[in-house]
Amino acid sequence: MAGAAAEQRRLATVVESWLGRPVLIVGDAMLDEWRFADSDRLCREAPAPVLTLRRRISAAGGAANTAVNVATLGGRAVLVAPVGADVAGDELHDCLDRAGVWDRTVNQPGRPTPVKRRMLAGNQILLREDSGDADDALDPDGVARLLTALDCATEELRAAAGGEAPTLVVCDYGLGALPAPVRAWLVEQRERYATVALDAHDLADWRGLAPTVVTPSFAEATRLLARAGGANRSTAGTDLHLEHPDSDPADGPSELSVGAAPGGAHADDRPGPVGEPTPSEGRVALTGDGLSVTGTGVTVNTEAGAGVDRAVLAESRLAELRAHTGADVVAVTLDTDGAVVGGADGERRRSHSTPVPASHAVGAGDAYLAAMTLALAADAPLPTAAQLAQLAATITVSDTGTCVCLRDDLLAALDMPSETTGHPAVVGTDELDAIVAEHREAGRSVVFTNGCFDVLHPGHVRYLEQARALGDLLIVAVNSDGSVRRLKGPDRPVNPVEDRGTLLAALSCVDHVVVFEEDSPAALIEAVRPDVYVKGGDYPPELVPEAPLVRRLGGQVRTLGYVPDRSTSAIIERIRSHSQDPSSHATDPSLSPRTQAS
């Protein structure tokens, strides 16, 4: 037991160490749409169920979901990807915003945002409708703007990390976001990134990238070997005949399915198939004679009675996969069978998954990729990285929907609650100095903002979530009651500072709250020396009164724009007008969630 506890502490230390790690994600971003319906009868026109829509949710998919997982696991995620100027694109932007991803996507008018729409009844997926494909190619202007965004995002991450080279994650699912000029640019710029992770349907397109890690599915790995001329090679007594398939329809990202495979036992009671990949990969099944396993692009013949499964096959070809991809690490994901991982030392690591319905596992591969990348970027040993990646994928599959792994959930699975679990504390100025010093010693960046926050509303919450995404620790300085009266007038604040501080401290995006008596936060800024100072407003950072002080102390200033006519003062005026006119009880459309701080 003591050894297990020590192992969990070691893994938790790695999770803590990747906090704030800068990661640039580029590739095919898409929107996952889930429609949950009820059905209790068939329609008259055909033997088809009549569905009554009850709930609809949207989530980031593909490269966007990888970025979301990097952010929720504690990394600093920046997404560069083409996104359409359409409703799906707007929803995708909102998904990124909520997760704290730095959205550096490039608007592509006339090119729709790829969408995967799933219709479910009783948590059973009845159908999936896909839109967006590789034929929606980027025009030359779109390619140029994408390359500019990549260059700027790389430098932005480097600056935010104090000159540290960022990590790069490439998600190429064949939907046209990474045409040849973009691939060539990434290969040429490889030295700008410390760690590079590659998840691609066609790994052969990325020769020369020299990635740190590749995460192919079983079918993707066999297709690469087939194209590399791996036919009729003999490895460890297993003769593998690899054939290049005639067609390979793009189907978005490989889903790390951890569900039990359909299909039962054979007639003679020998076991049936141990699992099957997603539809794009074809079926992997044990045939009646027990001597072969077939799948998309691969036929494997084995000696009679030897027994074979995909994990054994993957393990036997890890060295070749490393040679053909130029990767230091190859992690072959095997859906229901977990994953097989190999590194430069030649050792093979095996991880296992938990059987769940397939609708629970959509996007679990994105969580695997995000955790594997963050662990390797934090210089974790390969066995540790493999353990954390599989754990991140496994704990996300508890319900239907697109899988996202939270840092707190990963630590809880290791019986190591996050330091930030629970309500953040309201602290005094003396205590704040020690807190900041401790986080600085751990290499974490500090974000600082201030305000009255008199009537807390959704605009405040969104503003603070965006501020928190700019660093590792968010400190909110709140004006005292006397300070608010001097700034806003004798009838303010509406809520005393004790209430205002308690509400702010209850927000998960706020780490610490401190109250200051002065009209200006200058003294606190001098004491905290924030890496990033954030103010709300539509004016440029140069016009922020505190900007010269922050820059003199070595920090940067960011302004987050307001939505017009959304402010605490406007809310108070509406409350007063409604109290004076009892008949005014209609819902005010201006009180929408898309408000900003004031």
Side-chain angles (χ1 to χ4, degrees), residues 97-100 408 418-436 438-439 444-488 492-525 527-528 530-537 544 546 550 557-563 566-572 575 591 593-598:
D97 192 26
R98 288 194 299 268
D408 286 356
S418 169
E419 293 177 2
T420 57
T421 298
H423 297 322
V426 179
V427 300
T429 52
D430 294 339
E431 190 178 0
L432 185 62
D433 292 341
I435 290 171
V436 171
E438 178 183 341
H439 283 279
R444 297 168 186 151
S445 58
V446 177
V447 181
F448 183 96
T449 190
N450 63 277
C452 300
F453 299 98
D454 192 0
V455 178
L456 197 64
H457 56 74
H460 288 132
V461 177
R462 187 179 183 200
Y463 168 82
L464 292 170
E465 287 175 340
Q466 291 175 326
R468 178 61 174 79
L470 298 175
D472 304 320
L473 183 79
L474 176 60
I475 297 172
V476 180
V478 184
N479 294 78
S480 68
D481 291 348
S483 177
V484 174
R485 280 191 290 270
R486 291 191 296 273
L487 293 171
K488 302 288 186 179
R492 300 280 298 274
V494 172
N495 294 305
V497 71
E498 293 81 9
D499 292 351
R500 290 183 282 131
T502 299
L503 288 174
L504 286 167
L507 298 176
S508 61
C509 57
V510 176
D511 294 293
H512 296 289
V513 177
V514 61
V515 177
F516 66 101
E517 297 288 342
E518 301 82 7
D519 295 345
S520 167
L524 272 176
I525 292 173
V528 173
D531 298 283
V532 183
Y533 177 67
V534 181
K535 285 292 287 185
V544 175
E546 296 82 6
V550 173
V557 179
R558 296 286 296 270
T559 57
L560 302 176
Y562 295 141
V563 175
R566 306 296 193 266
S567 69
T568 297
S569 300
I571 292 175
I572 293 173
I575 292 172
L591 297 177
R594 296 186 66 81
T595 55
Q596 270 288 27
S598 64

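Computed over heavy atoms, backbone and side chain alike; hydrogens, waters and symmetry mates excluded.
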G536 backbone acceptor or donor facing T559 side chain under 3.5 Å
no
Residue list, salt bridge (charged side-chain N to carboxylate O under 4.0 Å, His left out) with D499, at least two apart or on another chain
none
Which heavy atom in V510 sits nearest to a heavy atom in L504, and how many Å separate them?
CB-O, 3.5 Å
Any ion pair linking R444 and D531 (charged N to carboxylate O, less than 4.0 Å)?
no
Considering all heavy atoms, the nearest G428-V514 contact:
C-CG2, 4.2 Å
Start with the C-alpha gap between K488 and D454, add the side-chain angles, then the distance that decides, and say whether salt bridge (Lys or Arg N to Asp or Glu O under 4.0 Å) holds.
CA-CA 10 Å; K488 302 288 186 179; D454 192 0; over 6 Å; no
Contact list for residues 474-485, test side-chain hydrogen bond (donor to acceptor under 3.5 Å, both in side chains), sequence neighbours left out
N479-S483, S480-E517, D481-R500
Distance check, rounded to the nearest 0.5 Å: H512 atom NE2 versus F448 atom CZ?
13.0 Å
Just how far is it from atom CD1 of I475 to atom CZ of R468, taken to the nearest 0.5 Å?
11.0 Å
Sequence neighbours left out, what passes salt bridge (charged side-chain N to carboxylate O under 4.0 Å, His left out) with R558? Give chain and number order.
none
For E498 and T502, work out which heavy atoms get closest and say how close.
O-OG1, 2.8 Å
P458 and Y463, any side-chain heavy atoms less than 4.5 Å apart
no
Heavy atoms of L487 and D519 approach each other most closely as CD1-O, 4.3 Å
If you compare all heavy atoms of I525 against all heavy atoms of P530, which two are closest, and at what distance to 0.1 Å?
O-CD, 3.5 Å
Nearest-0.5 Å distance that lies between atom CG in L456 and atom CG in L507:
5.5 Å
In short, G471 meets S445 closest at the heavy-atom pair CA-OG, 3.3 Å
Partner of L560 by side chain to side chain contact (heavy atoms under 4.5 Å, CB included), out of V534, L464, T449:
V534
